[in-house]
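Keep in mind that this is a model prediction, so the values were computed, not measured.
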Amino acid sequence: MTSASPETDEHRYDFRVIEERWLPVWQETQPFRSGDAADERPTKYVLDMFPYPSGDLHMGHAEAYALGDVIARYWIQRGYNVLHPIGWDSFGLPAENAAIQRGLDPRGWTEDNIAQQRTSMERYACSFDWDRVLATHRPDYYRWNQWIFTRLHERGLAYRKHSNVNWCPKDLTVLANEQVVGGLCERCDTPVTKKKLNQWYFKVTDYADRLLDDLDTLADTWPSKVIAMQRNWIGRSTGADVVFAIEGREEPVHVYTTRPDTLHGATFMVVAADSDLAAELAEGAEASVQDEFSSYVEQVKAASEIDRLSTERPKTGVFLQRYAVNPVNGERLPIWASDYVLADYGHGAIMAVPAHDQRDLDFARAMSLPVRLVLDVRGEDGEPVEDPATSGVAAAGDGTLINSGDLDGLSKAEAIAAVVERLAGDGVGEASTNYRLRDWLISRQRYWGTPIPIVHCEACGEVPVPDDQLPVELPPAEGLDLKPKGTSPLGAATEWVNTTCPSCGGAATRDTDTMDTFVDSSWYFLRFLSPGKTDGPFDLDEAKRWAPIDQYVGGVTHAILHLLYARFFTKALHDMGMIDFEEPFSALLNQGMVQMDGSAMSKSRGNLVRLSEQLDEFGVDAVRLTMSFAGPPEDDIDWADVSPAGSAKFLARAWRLARDVDSSPGVDPATGDAALRAVTHRTLHDCADLVEGFRFNVVVARTMELVNATRKAIDSGAGPADPAVREAAEAVAVLLSLFAPYVAEDMWSMLGHENVARAGWPAVDESLLVEETVTCVVQVKGKVRDRLEVPPGIGEDELRELALAAPGVVRAMDGAAVRTVIVRAPRLVNIVTV
RNA sequence: GCCCUCGUAGCCCAAUUGGCAGAGGCAGCCGACUUAAAAUCGGCUCAGUGCGGGUUCGAGUCCCGCCGAGGGCACCA
């Protein structure tokens, strides 16, 4: 049946009209300012990961911000004082590349993009507090990067060292370990090589234990996947340091092993080919060996990271004609150099136990070195495993010690404890912990980043720029050649580079590297608390009031890099006494990605969906609703599988409810249609829990049900003047305010109110949630044979009697004897017959 | 190779966490309204939960083994 209202232009849903009606109002009233210090409502800090200002928004932004906004708007409706800021992560390579390729000024290019993106964001109508906008490329922001760098430097947490670093031969800049993905540059997919350079690091490894252990406190509120990835990345292992004397060398060599129980099975030692230790040991060898060694090292350095990572790769190495002495049995172990040992893990040297380690076994077999079993390892059949020397498979499992002197017969665990104790007693070893995590390499040889606030002085060395001389501003790009050439473009800014030493006043030069942009994003969430502050990075009282972040929303692509660094900064700032918490993000939601036809969208694939076109065709609300309705937020959305047109249709349907309501605001719904009221209140009640559990797709589905029920009441039930209909329509408007702000506002306005975003979550009347009767399913041997309408409070005994007497049951039992009756009042009875 | 997650109608997804397999949507079909179409409204069809075992009165849900998809890690001693 059709509604009686006329479908004139003014009475038809048109998203363009509605967007034009409300966007200017919101731009004028700025309804999401959150700075009022007198506001006594409880606080919630909801944060979306801030974007790189790419100019326009794309589908990925649209999903992330739609989902984050559901959470922010929900807490506003629940009566919280919600902080929901946005800004720009605006340093980085795209601006620099635009400058190089198109001769544009990175600063102007970036600011233009920000202006354009802001316009798109305002139309997208997220509940952002536009008074708190920040952009990391502006001196009033990066000044505090420099300030924090200086604090870290004072504490020894920022330092410079000469070492082999990951080098991208295309971008001609260094990369952090985290920016090397599968041996390729994360940014341009070029195979990464190594280069020896003097670079700045943050000492993340000092915090390795805390970064690992504190993950436990996030177990309930972070995706377990992210926690697993962080654990894995930190990679803590426990074992022992063992001291090996070296023949002809004063200093012994330490090795780290997780298997001290196999110490008697060590048959050689391997040092990392690219380590200083290898070079020094080689010096003592014959000339021919020295030649062989140096050409080997050349070869290793030339190999790309991707080659090195291949596990198929045969083991290579050079015998250095030197010997180590096994501290437990005095055996002479030949020392080899190889690239399968990493210079920067443990001590850059290992004891090789080929019988029980696959890598060592591969090497031993390649070099014809002895293999000695020291653990009796059994296979699944209970028989000893085949000799690794012939099978080529190391006996990696558990077992009982053999060939190990008086340790024979001990279990692996017992032997580990015994060996560690013995080594410690003899002063030749101790228990030890190691980490996969390395210090964070933060210096970059690029222009568009935060200058490192250090002055190099011949007399005084590295001198931090004093706080009162910060920021060290980037010199103008004009006149500088920004093309990557392996050293920072800032080096060419002669006037900028040449300065005076803050310490002695003599001639000195500025550090010309800039900081990794992950520095910028490691603390921006604190800057949002007081973005205009000029005498510190953030206001300590505001931090007490708002932080840590109650809900962080962003892509799983940042599961390791950004989150780990932000956690490190938070702990460091905590230790400086600036904040009283140690984890920045109390809860984390990772949204999935938006794909098209089964794969990630890209121009080259030709499957790019333009957000602007979707918005023009279906409207902001329909696109946002589609993002929420498509499925669980953490799942990827395939745009080919969803229907923004369907969303638009639903929104029109919801909108017409408000249009058709024919009663005045403020009427008491108590006299209205009871059945509809029950649906309304049940929906509101359930949706609160559903939103808090991030079940947005279900919330939308439940809202659709409420709309359907309300439509039915209007057309063929209580009628448009029934107060329960008004109540239901108002509930729909509030529910939709989380997903579709324009439609919600327009409905709210038609219903005679203002500002739906702050309408408040309607009070749920608990008495309406109680069902008068429930359907009880009666099963016989697990199969449904009858249904009973019973009061919800029915007793077990009564229900059992009713069930046994039900006609369908009697028929199904056919006179069989009852063995057991399972009663789960009031919903189910299961009768088990003999 | 190791670790994690996920397999429910043609499609996207629900299922009170061990209790009627279907809430919502897309697509499809039928009908009402219309001169007709669009829009709107009403209705309908469609799976026994990837496969095989097990536990249980009862399994989409728990356990074991396969198959398939996705993700993470991968010489870290």
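Within the 4.0 angstrom heavy-atom criterion, no nucleotide atom of any strand lies near Phe650(A). The residue Thr820(A) sits apart from the nucleic acid: no heavy atom pair falls under 4.0 Å. Among the atoms of the strands shown, none is found under 4.0 Å from any heavy atom of Gln358(A). Residue Val832(A) is in sugar-phosphate contact alone, with no base atom involved, counting any heavy-atom pair closer than 4.0 Å across all strands shown. Within the nucleic acid shown, Ala630(A) comes within 4.0 Å of sugar-phosphate atoms alone, with no base atom in reach, counting heavy atoms only.
At a cut-off of 3.5 angstrom, counting only N and O atoms as typed in the model, there is a donor on one side and an acceptor on the other between the side-chain of Arg824(A) and the base of rG19(B).
Of the two residues contacting RNA chain B, namely Arg653(A) and Ser237(A), the nearest-nucleotide position lying further toward the 5' end is that of Arg653(A). Mapping Met351(A) and Lys712(A) onto RNA chain B by nearest heavy atom places Lys712(A) at the nucleotide closer to the 5' end.
Of all nucleotides listed (rC12(B), rC57(B), rC13(B)), rC13(B) comes nearest to the side chain of Pro632(A). Side-chain atoms of Asp339(A) lie closest to rC75(B) of the nucleotides rA23(B), rA74(B), rC75(B). Ranking rC12(B), rC41(B), rG24(B) by closeness to the Met704(A) side chain, first place goes to rG24(B). Among the nucleotides rC41(B), rC73(B), rG24(B), the one closest to the side chain of Asn232(A) is rC73(B). Of the candidates rA77(B), rC26(B), rG19(B), the closest approach to any side-chain atom of Asn830(A) belongs to rG19(B). For Asn697(A), the side-chain atoms get nearest to rA14(B) when compared with the rest of rA14(B), rC26(B), rG19(B). Of the candidate nucleotides rA77(B), rC26(B), rC12(B), rC12(B) has the atom nearest to the side chain of Asp641(A).
Put simply, CG on Leu625(A) is 19 Å from P on rC12(B), counting in whole angstrom units. In this structure, CD of Glu705(A) is placed 12 Å from C1' of rA15(B), rounded to the nearest angstrom. Residue Asp686(A) contributes atom CG, which lies 15 Å from atom P of rA23(B) at whole-angstrom precision. Rounded to an integer number of Å, the gap from CG of Leu561(A) to P of rC73(B) is 10 Å. The CD1 atom of Ile714(A) sits 16 Å away from the P atom of rU40(B) (whole-angstrom rounding). Rounded to an integer number of Å, the gap from Leu651(A) CG to rG25(B) C1' is 13 Å. One interatomic measurement links the two molecules: CG of Leu690(A) to P of rU17(B), which rounds to 13 Å at whole-angstrom precision. Nucleotide rU40(B) holds its C1' atom 11 Å from the CG atom of Asp660(A), rounded to whole Å.
With both pairing distances under 3.5 Å, rA77(B) is matched to nothing as a Watson-Crick or G-U wobble pair. The base-pairing partner of rA69(B), taking Watson-Crick or G-U wobble contacts with both distances under 3.5 Å, is rU5(B). Partner assigned to rC29(B) is rG43(B), using Watson-Crick or G-U wobble distances below 3.5 angstrom. Under the Watson-Crick or G-U wobble criterion, with both distances below 3.5 Å, rA14(B) has no partner in any strand shown. When Watson-Crick and G-U wobble pairs are counted only if both distances are under 3.5 Å, rU34(B) pairs with no nucleotide at all. Checking rC57(B) for Watson-Crick or G-U wobble geometry (two distances, each under 3.5 Å) identifies rG19(B) as its partner.
Tyr340(A) and Phe363(A) have their aromatic ring centers within a separation under 6.0 angstrom.
Looking at Asn708(A) and Arg653(A), their side chains do bring a donor and an acceptor atom within 3.5 Å of each other. Using a 3.5 Å distance cut-off with no hydrogens or angles, the side chains of Ser647(A) and Thr626(A) do pair a donor with an acceptor. A donor-acceptor contact closer than 3.5 angstrom is absent between the side chains of Ser237(A) and Tyr435(A).
Close to rG25(B), at under 4.0 Å from its OP1 or OP2, lies a side-chain N or O of Asn708(A). At least one side-chain nitrogen or oxygen of Arg695(A) sits closer than 4.0 Å to the OP1 or OP2 atom of rA15(B). Taking only side-chain nitrogens and oxygens, Ser716(A) never comes nearer than 4.0 Å to OP1 or OP2 of rG42(B). A sub-4.0 Å separation between OP1 or OP2 of rC41(B) and a side-chain N or O of Arg656(A) is present. When the side-chain nitrogen and oxygen atoms of Arg702(A) are compared with OP1 and OP2 of rA14(B), none of them lie within a distance under 4.0 Å. In terms of phosphate contacts, Tyr345(A) brings a side-chain nitrogen or oxygen within less than 4.0 Å of OP1 or OP2 of rA77(B).
Residues Leu373(A) and Pro388(A) meet the side-chain proximity criterion, which asks for heavy atoms closer than 4.5 Å. Ile350(A) is listed as a side-chain neighbour of Asp360(A), based on a closest heavy-atom distance under 4.5 Å.
Using a 4.0 Å cut-off between charged nitrogen and carboxylate oxygen, Arg702(A) and Asp686(A) count as a salt-bridge pair. A salt bridge is defined here as a Lys NZ or Arg NE, NH1 or NH2 lying under 4.0 Å from an Asp or Glu carboxylate O, and Arg811(A) with Asp786(A) fails to meet this definition.
Taking the C1' atoms as reference points, rG68(B) lies 23 Å from rA74(B), given to the whole Å. rU56(B) and rU61(B) are spaced 13 Å apart, taking the C1' atom of each and rounding to whole Å. Using C1' as the reference atom, rG52(B) and rC41(B) are 48 Å apart when rounded to the nearest Å. Rounded to whole Å, the separation between the P atoms of rU45(B) and rG50(B) comes to 24 Å. Only the P atoms considered, rU16(B) is 12 Å distant from rC62(B), to the nearest whole Å. The separation of rC12(B) from rC57(B), taken at their P atoms, amounts to 37 Å, rounded to a whole angstrom. Rounded to a whole angstrom, the distance from the C1' atom of rG19(B) to that of rA9(B) is 22 Å. When the P atom is used for both rU55(B) and rC13(B), the distance is 34 Å, rounded to whole Å.
From Leu561(A), atom CG reaches atom CH2 of Trp440(A) across 9.5 Å, with rounding to the nearest 0.5 Å.
Base orientation of rG25(B): anti (glycosidic angle beyond 90° from 0). Base orientation at rU17(B) is syn, since its O4'-C1' glycosidic dihedral falls within 90° of 0.
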